[in-house]
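Step one of this worksheet: look at the structure below.
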Amino acid sequence: MLIQTLKSLFHRDLKKLRDEIALYRLEENIWIVENSISNSAGNLCLHLIGNLQTYIGAEIGKTGYHLGQINYYRRLLDQC
């Protein structure tokens, strides 16, 4: 029951993240930092996805994931 609930929440939230990132008309704009914002949307997204892969995937899910894998951010976003 808990696992299904967590899966549902992660799926919902990652889909929302993907939808928010898709609102940027130009992909390069996700890296822009403006005014009092200290991190770009792209940077925050990379950190979030990396943390999910490391702590949820590798530690809890035993996926075998390790930092440094090629294109792991894009693969996870594409799965949503």
Side-chain angles (χ1 to χ4, degrees):
M1 178 74 166
L2 177 61
I3 291 174
Q4 189 56 41
T5 300
L6 290 173
K7 285 172 68 174
S8 176
L9 292 172
F10 283 125
H11 185 338
R12 180 201 67 195
D13 293 345
L14 288 172
K15 182 180 181 311
K16 181 63 175 166
L17 174 63
R18 183 192 63 199
D19 293 347
E20 289 291 325
I21 293 296
L23 292 174
Y24 286 86
R25 288 187 165 169
L26 299 173
E27 185 174 340
E28 59 265 19
N29 288 349
I30 69 172
W31 305 106
I32 294 174
V33 176
E34 294 181 340
N35 303 322
S36 64
I37 298 172
S38 60
N39 263 321
S40 69
N43 190 44
L44 293 171
C45 185
L46 291 178
H47 283 287
L48 175 62
I49 300 302
N51 285 333
L52 287 171
Q53 286 281 30
T54 300
Y55 299 108
I56 302 300
E59 295 299 321
I60 295 173
K62 305 298 181 200
T63 61
Y65 169 84
H66 59 88
L67 286 175
Q69 287 181 315
I70 299 171
N71 295 322
Y72 65 95
Y73 299 117
R74 178 154 318 269
R75 274 199 320 268
L76 186 58
L77 283 174
D78 288 344
Q79 292 173 5
C80 295

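Numbers here are sequence positions counted from 1.
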Side chain to side chain contact (heavy atoms under 4.5 Å, CB included) evaluation trace for Leu52 with Leu14: CA-CA 10 Å; Leu52 287 171; Leu14 288 172; 3.7 Å; yes
Rounded distance [0.5 Å steps], CG in Asn29 versus CZ in Arg25: 10.5 Å
Which atom of Ala41 lies closest to which atom of Tyr24, heavy atoms considered: CB-OH, 3.2 Å
Least distance between heavy atoms, Asn43 atom then Trp31 atom: N-CZ3, 3.3 Å
With Asp13 via side-chain hydrogen bond (donor to acceptor under 3.5 Å, both in side chains) - residues at least two apart: none
Crowding at CG, Leu23 (>12 non-hydrogen neighbours, <6.0 Å): yes
Test item: Ile30 and Cys45 side chains (from C-beta on) under 4.5 Å apart, heavy atoms: no
Minimum heavy-atom distance between Ser40 and Ile32, given as atom pair plus value: CB-O, 3.7 Å
Any residue meeting side-chain hydrogen bond (donor to acceptor under 3.5 Å, both in side chains) with Asn35, in chain and number order, not counting sequence neighbours: none
Side chain to side chain contact (heavy atoms under 4.5 Å, CB included) between Val33 and Asn39, intermediate numbers included: CA-CA 6 Å; Val33 176; Asn39 263 321; 6.0 Å; no
Validation row: Lys16, Glu20 side chains within 4.5 angstrom (heavy atoms): yes
Distance, nearest 0.5 Å, that separates CD1 of Ile49 from CG of Leu44: 11.5 Å
